[in-house]
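Heads up, the thing below is written out as structure tokens.
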Amino acid sequence: MFVDSHCHLDRLSDQTHGGDLAATLAAARAAHVSQFLAVAVNLDDMPALAAIARDHQDVAISAGLHPLHTPEREPSVEDIKDAAEQYGAVAIGETGLDYHYRDSVAVEIQHERFKRHLIAARELALPVIIHTREAKEETLALLREYSDPQVGGVLHCFTEDLAMAREAVRLGFYISLSGIITFGNAAALRELARQLPLDRLLIETDSPYLAPVPHRGKPNQPAWVVAVAECIAQERGISVDEVAMQTTANFYQLFRAAAPDTPAHVKEALAKSGLV
């Protein structure tokens, strides 16, 4: 039993299984992926995401604006909150800071946008999904100032260092690992997977991006989150089942709003696991 804690189903549907999203999700379910979090990158995408969640009870959604997107108008705190409430989002984001492509959106704009998302998340008591790249100190500083440690969130598709991960965990955040952990040049991430407590880890695909080994070069899909779990299990010297159960438990502890729609068999398995 696995959860894909971060995927872009609205962008994935035209790239896998001949554009048939239902077939893509069916393939994931056949691989024992029981829950999907479809993450927004633009508030304009919310109606399409909500339609996917309406048609698939195992899909939850978030509401937010990616740090590198350039909307016609910057959303206010109220705009973000309204979108989350109108469409039933279980989280705010993805949001954050990306200095690797700082020429795309000015740093000052990214900072203000990030702050508004953090404030919206705090006011709604929803977890926040963080995109951070080459902005370690600034990301942590804004989390310290504006996030709610009692609600927390996740640093998704994490590629920064162990020190940052540990500080984020101290601030109440989870660390999500993607298919990048399977790449040949990702030894530091595999070490991070060994060092962090398993009860603070999530797994994701970020599909249709970043397909894991052995699928590099193909559009990623939620079924392949299993490869991320397998890599973590191998690095930690534990079973894939243990990784699957704990990361699933972690997901439902963080994204509590997704829990009421949790399929009965998932609830039963979690209860038997002793992990929640």
Count the heavy atoms of every other residue, nucleotide or ligand shown that sit under 6.0 Å from CD of E74, and state whether that count exceeds 12. yes

Give, for atom [atom1] of [X] and atom [atom2] of [Y], the distance between the pair rounded to the nearest 0.5 Å.
X	Y	atom1	atom2	result
T159	H100	OG1	NE2	10.0 Å
Y101	E134	OH	CD	9.0 Å
R122	K81	CZ	NZ	10.5 Å
D206	L177	CG	CG	12.5 Å
H32	F2	NE2	CZ	7.5 Å
H6	C157	NE2	SG	7.5 Å

Any donor-acceptor N/O pair, [X] side chain to [Y] backbone, under 3.5 Å:
X	Y	answer
N220	L210	yes
E204	S178	no
N250	L198	yes
R256	Q253	yes
R200	F173	yes
D58	Q35	no
H8	A38	no
S62	A40	yes
T247	L201	no
D82	D79	no

Paired with H66, the ring-ring contact (aromatic ring centres under 6.0 Å, His included) test is passed by just one of H117, H131, H156, namely H131

Any salt bridge linking E145 with K115? Criterion: basic side-chain nitrogen under 4.0 Å from a carboxylate oxygen. no

Shortest non-hydrogen contact from [X] to [Y]?
X	Y	result
A53	V59	CB-O, 3.5 Å
P67	G96	CB-O, 3.3 Å
E160	R133	OE2-CA, 3.4 Å
T182	A227	CG2-O, 4.1 Å
I80	A120	CG2-CB, 3.8 Å
V240	A229	CG1-CB, 4.4 Å

Shared hydrophobic cluster, [X] / [Y] (ILVMFWY, side-chain heavy atoms < 4.5 Å):
X	Y	value
L25	V225	yes
L65	V39	no
V41	I61	no
L189	L155	yes
I203	F158	yes

Between E167 and R144, is the salt bridge (Lys or Arg N to Asp or Glu O under 4.0 Å) condition met? List the steps. CA-CA 10 Å; E167 177 62 8; R144 292 187 193 103; 3.2 Å; yes

May I ask you to check whether [X] and [Y] show a side-chain donor-acceptor distance below 3.5 Å?
X	Y	result
Q246	E242	no
Q110	Y99	no
S207	Q221	no
D4	T205	yes

Are the side chains of [Y] and [X] in contact, using a 4.5 Å heavy-atom criterion?
X	Y	value
M1	D241	no
T139	F114	yes
R170	R166	no
P149	L171	no
L162	L196	yes

Please work out which of the three classes, parallel, tilted or perpendicular, describes the rings of F255 and F251, given edges at 30° and 60°. tilted

What's the verdict on salt bridge (Lys or Arg N to Asp or Glu O under 4.0 Å) for R11 and D45, showing C-alpha distance, side-chain angles and the deciding distance? CA-CA 10 Å; R11 284 163 168 70; D45 297 340; 3.1 Å; yes

